[in-house]
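I am attaching a structure below and will ask some questions about it afterwards.
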There are 2 protein chains.
Amino acid sequence: MDDWQARLEELVSKLRERDYRITPQRLAILKILAVSDNHPSVEQVYEQIRREFPTTSLATVYKTIATLKEMGEVLELGFADCASRYDGKRPKPHTHLICVKCRTILDPDVKNLESVPLHVAQQAGFRLVSHRFDIYGLCPRCQSEE
Amino acid sequence: MDDWQARLEELVSKLRERDYRITPQRLAILKILAVSDNHPSVEQVYEQIRREFPTTSLATVYKTIATLKEMGEVLELGFADCASRYDGKRPKPHTHLICVKCRTILDPDVKNLESVPLHVAQQAGFRLVSHRFDIYGLCPRCQSEE
DNA sequence: TTTTCTGCAAATGCTTTGCATGGGA
DNA sequence: TCCCATGCAAAGCATTTGCAGAAAA
């Protein structure tokens, strides 16, 4: 169902193509990104990787994610008030449903919006680069805890 | 056409309602927010206000905007890689068209999306709080400078 | 062997906070 | 007069950078 192994190999070969070296730390970071569907932060990736490689530094996690971001293989969700979250499974723009309390991030199914960004951009003479559609709310669990 | 004076008075009376004091600095910040349609950053508000009140501090600008944000009278657009931008004219969520190069922010006309956030939120059992729809591209000017 | 990567620590950029003084109401 | 707001400087947090030593290829 969840073909994270294929995604991991895809990431590895894309790095090789560009002559990046496959270090154990990088491989572990790629795996975490290919497996996680909770859109982890750098800190969360760091905590996970430390269980396998206790000497890994935060800077290495930042650098690896920056490389993947630049290659378009990771989607960054930046926020005004807290750390960015990353999606390495689906690097193309898509709708996110975000709990404002616990910061859970889901990928809901949303249809019939694909054409909107291009249309709006062209209308104003812009060349479309990407887009972002976030829906903020209170998740069921956080509602019941109120 | 552009009724910034009405918006300014609205902001002033909302502050008074909550027993906030109307200082000259606050009034000047409110005016800049009510007039600007370019979604200024704190730094830009600060530069403008310094022309009128040269001793105003950045902290005061931050504090005033934080107050308005909390009151829902200013919309914050946060980014991963640069300072937040603020919209004090239209504090309700709406679509933004953003140039990735010069960081110009426009408010394009987009229809038929109003129902989407509520629908997606309910589908997943979330209580809708707000949403954000950003379209990123290269503006006409930046395209010709490439 | 060559060159890139790692890990540490220091630096950066944006934003918030603490506190003494000043100024609205 | 009484508090709240201001302005300064320091602190805070996420992220980036510089550099010497380690390790891919």
Side-chain angles (χ1 to χ4, degrees), chain A residues 11-33 39-71 74-86 103, chain B residues 11-33 39-71 74-86 103:
Chain A
L11 289 173
V12 170
S13 53
K14 293 215 173 175
L15 282 177
R16 277 201 226 278
E17 272 173 28
R18 302 207 185 192
D19 293 322
Y20 286 110
R21 294 179 182 173
I22 308 300
T23 64
Q25 293 92 329
R26 279 190 178 159
L27 193 58
I29 294 168
L30 296 184
K31 185 176 166 191
I32 292 168
L33 290 172
H39 307 74
S41 65
V42 165
E43 199 68 39
Q44 289 166 331
V45 172
Y46 176 66
E47 282 165 22
Q48 278 195 59
I49 202 176
R50 285 220 137 208
R51 300 207 271 266
E52 202 178 340
F53 294 96
T55 69
T56 307
S57 73
L58 246 191
T60 296
V61 180
Y62 271 107
K63 285 168 184 166
T64 299
I65 290 182
T67 300
L68 294 168
K69 210 166 59 177
E70 188 202 345
M71 290 167 57
V74 129
L75 189 69
E76 176 175 37
L77 290 177
F79 298 97
D81 53 336
C82 60
S84 288
R85 304 280 292 266
Y86 298 90
R103 288 281 159 180
Chain B
L11 288 173
V12 170
S13 52
K14 294 216 172 176
L15 282 177
R16 277 200 226 278
E17 272 173 30
R18 302 207 184 192
D19 294 323
Y20 287 111
R21 294 180 182 169
I22 309 300
T23 63
Q25 293 91 330
R26 279 190 178 158
L27 194 57
I29 293 168
L30 296 184
K31 185 175 165 189
I32 292 168
L33 291 172
H39 308 74
S41 64
V42 165
E43 199 68 40
Q44 289 167 333
V45 172
Y46 176 67
E47 282 167 23
Q48 277 194 61
I49 203 177
R50 286 221 136 208
R51 299 207 271 266
E52 203 177 339
F53 294 96
T55 69
T56 308
S57 73
L58 247 190
T60 295
V61 180
Y62 272 106
K63 285 168 185 166
T64 299
I65 289 183
T67 300
L68 294 169
K69 209 165 59 179
E70 187 201 345
M71 290 167 58
V74 130
L75 189 70
E76 176 175 35
L77 290 176
F79 299 97
D81 55 335
C82 60
S84 288
R85 304 279 291 266
Y86 298 90
R103 288 282 159 179

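None of the values given here were measured: they were computed from a predicted structure. Order of the sequence lines fixes the chain letters, A, B, ..., with proteins taken first and strands second; residue numbering starts at 1 for each chain. The figures here come from the full heavy-atom set of this structure, side chains too, leaving out hydrogens, waters and symmetry mates.
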Would you name the heavy atoms of B:I32 and B:V45 that are closest together and state the gap between them?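 Shortest heavy-atom contact: CD1-O, 3.8 Å.
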
Nucleic acid contacts of residues 14-22 of chain B, taken as heavy-atom distances under 4.0 Å to DNA chain C: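 Heavy-atom cutoff 4.0 Å gives B:R21, B:I22.
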
Counting only N and O atoms by type, is there a donor-acceptor contact under 3.5 Å from the side chain of A:R85 to the main-chain atoms of A:H39?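 The answer is yes, because a donor-acceptor pair under 3.5 Å joins these two groups.
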
Do we see a donor-acceptor contact under 3.5 Å between the side chains of B:T56 and B:Q25?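 No, no side-chain donor-acceptor contact under 3.5 Å.
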
Got a donor-acceptor contact below 3.5 angstrom from the A:E52 side chain to the A:I49 backbone?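 Judged by distance alone, no pair lies under 3.5 Å.
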
Separation of C:dG18 P from B:K63 NZ (nearest whole Å):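 Taking NZ of B:K63 and P of C:dG18, I get 10 Å after rounding.
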
Of the nucleotides C:dT15, D:dG7, C:dC5, which one has an atom closest to the side chain of A:R26?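 The nucleotide sitting nearest to the side chain is C:dC5.
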
Can you tell me if A:Q44 uses its side chain to pair, donor with acceptor, with the backbone of A:S41 under 3.5 Å?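 Yes; judged by distance alone, with no hydrogens or angles, the pair exists.
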
Which residues within residues 46-54 of chain B lie with some heavy atom under 4.0 Å of an atom in DNA chain C?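 Nucleic-acid contacts, sorted: none.
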
What's the CD-P distance between A:Q25 and C:dT4, to the nearest Å?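 Nearest whole value for this atom pair: 17 Å.
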
A:L58 CG - D:dA14 C1' separation (whole Å):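 Rounding to the nearest Å, CG of A:L58 and C1' of D:dA14 are 10 Å apart.
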
Atom-pair distance (CZ on A:F79; P on D:dC13), nearest Å: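 Between P of D:dC13 and CZ of A:F79: 19 Å.
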
Could you tell me the separation between the CG atom of A:L68 and the P atom of C:dC5, rounded to a whole number of Å?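 Going from A:L68 (CG) to C:dC5 (P), I get 12 Å.
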
Atom OH of A:Y62 to atom C1' of D:dG18: distance rounded to whole Å?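 Spelled out: OH on A:Y62 to C1' on D:dG18 is 18 Å.
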
Does B:S84 or A:T60 map to a spot on DNA chain C nearer the 5' end, using the closest nucleotide for each?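 With B:S84 and A:T60 compared, the 5'-side residue is A:T60.
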
If we only count heavy atoms from C-beta on, is the B:K69 to B:Y86 side-chain gap below 4.5 Å?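 They are in contact (side-chain heavy atoms under 4.5 Å apart), so the answer is yes.
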
Would you say the side-chain atoms of B:R26 pair up with the backbone N or O of B:R21, donor to acceptor, closer than 3.5 Å?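 Confirmed, B:R26 side chain pairs with B:R21 backbone.
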
Are side-chain N/O atoms of B:R50 and B:Y46 paired as donor and acceptor at under 3.5 Å?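 Yes, B:Y46 and B:R50 have a side-chain donor paired with an acceptor closer than 3.5 Å.
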
For the pair made of CZ in A:R103 and P in D:dA14, what is the distance, rounded to whole Å?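 Nearest whole value for this atom pair: 12 Å.
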
Is B:S57 close enough to D:dC8 that one of its side-chain N or O atoms is under 4.0 Å from OP1 or OP2 there?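 So the side chain of B:S57 is outside the cut-off, no N or O lying under 4.0 Å from OP1 or OP2 of D:dC8.
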
Which one, C:dC14, D:dC8, C:dT16, comes nearest to the side chain of B:A83?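 The listed nucleotide nearest to B:A83's side chain is C:dC14.
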
Taking CD from A:E43 and C1' from D:dA14, how many angstroms apart are they, rounded to a whole number?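 After rounding, the reported distance stands at 9 Å.
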
A:I65, A:T64, A:T60, A:L58 screened by side chain to side chain contact (heavy atoms under 4.5 Å, CB included) with A:Y62, the one that passes: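 The residue from A:I65, A:T64, A:T60, A:L58 that satisfies side chain to side chain contact (heavy atoms under 4.5 Å, CB included) with A:Y62 turns out to be A:L58.
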
Is A:T23 close enough to D:dA24 that one of its side-chain N or O atoms is under 4.0 Å from OP1 or OP2 there?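 Indeed not, no polar side-chain atom of A:T23 lies that close.
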
